[in-house]
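Inspection log for the structure reproduced underneath, given as structure tokens.
Within every chain, numbering begins at 1; the chains are lettered A, B, ... in the order of the sequence lines, protein sequences first and strands thereafter.
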There are 2 protein chains.
Amino acid sequence: MDVRRRQEDRRTATRRALVAAARTLFAQKGYAATSTPEIVKAAGVTRGALYHHFADKQALFAAVVEEEHAVLALTIHQAAEGGEDEPGPVKALIRGGEGFLAAMQDEGRRRLLIVDAPAVLGRAAVDEIDARHGLRTLVEGVGTAIEAGAIKDLPPLPLAHLLSAMFDRASLAPADEINDYRKVMKALIRGLKK
Amino acid sequence: MDVRRRQEDRRTATRRALVAAARTLFAQKGYAATSTPEIVKAAGVTRGALYHHFADKQALFAAVVEEEHAVLALTIHQAAEGGEDEPGPVKALIRGGEGFLAAMQDEGRRRLLIVDAPAVLGRAAVDEIDARHGLRTLVEGVGTAIEAGAIKDLPPLPLAHLLSAMFDRASLAPADEINDYRKVMKALIRGLKK
DNA sequence: ATTGATAGATGCAGGATGTATGAAAGATGG
DNA sequence: CCATCTTTCATACATCCTGCATCTATCAAT
């Protein structure tokens with residue numbers, strides 16, 4: 001073990017506590033309505049610790065979003081593991097969308113990633129984060145579908161962005177209409193077939 | 001003329017000044033970074049007037065968004081007037097999308113309607129506003145296309161929502177990639193044909 | 001053990017929001 | 001035409017939040 005283990009532990013421990021508490025509150029009440037005194041109280045530390053680890057409230061929010069994106073990508077990936085017997089590229093796209101919608105059934109997660117993040121961090125920053133997680137696999141998905149000749153030859157990145165936007169909005173749909181949204185999404189993707 | 005004209009005028013005058021000044025600042029710097037002292041200074045009134053006419057800063061923002069949505073819908077409608085010689089329902093959808101993208105070339109407008117509004121007012125409130133403006137005509141558009149048998153038979157409202165989401169995202173694309181986005185949007189809509 | 005660095009706590013200054021109170025202009029009724 | 005009431009707006013205040021600066025304690029290294 002590294003001899004400086006204890007200090008490192010302490011550091012990451014408070015960092016984690018802060019991010020965890022912030023994630024809960026941001027998800028519940030939104031970014032603007034959550035104050036840093038609230039967060040540090042929930043985390044069991046003081047504001048001094050917060051501003052020692054993060055430049056400002058926005059940086060803490062960015063850390064929360066980053067982590068949430070990571071666990072989201074992981075969740076979807078794990079869900080996609082099961083039963084992928086010869087899916088075909090188009091079917092894979094549809095299944096990926098289903099997985100996304102399932103993972104997005106958490107109200108707080110939607111607020112965090114779709115509603116608040118663009119306003120707080122800016123669209124560019126959110127795109128940059130997304131490009132490293134969910135969007136990346138989506139780009140790969142449409143890429144293979146195009147290479148396989150399964151769908152029309154279109155620029156992959158814009159297509160991925162537009163599909164991603166669609167998935168985002170579908171995830172925000174009222175719970176009782178979500179099946180209709182699923183149906184329309186399937187139709188839109190199938191319409192891309194050659 | 002109504003005898004109580006003068007008071008009514010005064011009322012609407014300050015209201016307009018407030019909304020106009022707020023629209024400029026919100027569009028430039030975003031909702032959170034704009035303070036009410038700034039707004040009233042630009043409008044030439046005091047904070048007392050602001051809080052007499054609007055419940056809070058959020059209500060003023062809602063008024064700005066409402067108005068911006070209205071002028072946006074008007075702009076698109078006017079642009080769609082020219083040269084509609086037998087377009088056909090699908091072509092009309094594509095043209096409507098083009099009009100939307102053109103009208104959305106304003107950076108401040110994008111920030112106002114797409115980035116900030118959902119975070120500040122909540123997704124539900126934004127949907128309610130949108131349902132009375134842009135989304136309404138889009139629903140009609142897909143409705144007639146479906147009735148005409150030009151595109152697949154899908155639930156119109158979800159379809160309109162998903163198309164709207166794609167248009168939103170396309171409007172946020174980097175200026176030099178917007179042509180690619182246009183191409184993909186066309187392909188997605190054409191893919192809806194029976 | 002001493003010295004230096006890092007984590008964390010406390011206190012402070014500036015500014016913002018929303019409200020309560022007060023004044024001025026306009027409408028209303030005799 | 002005057003008095004009164006209502007509406008519009010201005011000023012002052014209380015509360016809260018953010019970010020920074022300063023101070024303390026804990027830990028690592030020699």
Quickly work out the B/R15 CZ to D/dT8 P distance and round it to whole Å.
11 Å
For DNA chain D, which residues in residues 23-39 of chain B have a heavy atom at a distance below 4.0 Å?
none
Note: B/A150 and B/V90 closest approach over all heavy atoms is CB-CG2, 4.0 Å
So, applying side-chain contact (heavy atoms from CB on, under 4.5 Å) with B/H161, which one of B/V139, B/L135, B/L138 is it?
B/L135
Quick one: is D/dC9 close enough that its OP1 or OP2 comes under 4.0 Å of any side-chain N or O from B/H53?
yes
Length of the line joining B/R11:CZ and D/dT8:C1', which is rounded to integer Å:
9 Å
Validate the cation-pi geometry between B/K186 and B/Y181: distance from NZ or CZ to the six-membered ring centre under 6.0 Å, angle to the ring axis within 45°.
no
Over how many whole Å does the gap from B/E8 atom CD to D/dT6 atom P extend?
18 Å
Are any side-chain N or O atoms of A/R47 and backbone N or O atoms of A/P37, one a donor and one an acceptor, separated by less than 3.5 Å?
no
When the distance from NZ of A/K41 to P of D/dC17 is rounded to whole Å, what number comes out?
11 Å
What nucleotide, of D/dG19, C/dG8, C/dG18, holds the atom closest to the side chain of A/D56?
D/dG19
Please determine, by modelled atom types, if A/S171 and A/R110 share a side-chain donor-acceptor pair under 3.5 angstrom.
no
For the pair B/E128 and B/R132, find out whether any cationic side-chain nitrogen is under 4.0 Å from an anionic carboxylate oxygen.
yes
Whole angstroms only, please: what is the CZ-P distance between B/F54 and D/dT8?
12 Å
Residue from B/I94, B/I151, B/V184, B/V142 passing side-chain contact (heavy atoms from CB on, under 4.5 Å) with B/I189
B/I94
Between atom CG of B/L50 and atom OG1 of B/T14, what is the distance when rounded to the nearest 0.5 Å?
9.5 Å
Value in whole Å for how far the P atom of D/dC17 lies from CG of A/L60
16 Å
For nucleotides 19-25 of chain C, read 5' to 3', which letter fits each nucleotide if B means a protein heavy atom sits under 4.0 Å from the base, S means only the sugar-phosphate is that close, and - means neither?
B------
Side-chain N or O of B/H52 versus OP1/OP2 of D/dC9: is the shortest distance under 4.0 Å?
no
Within 45 degrees of the axis of the six-membered ring of B/Y31 and under 6.0 Å from its centre: does B/K57 put its NZ or CZ there?
yes
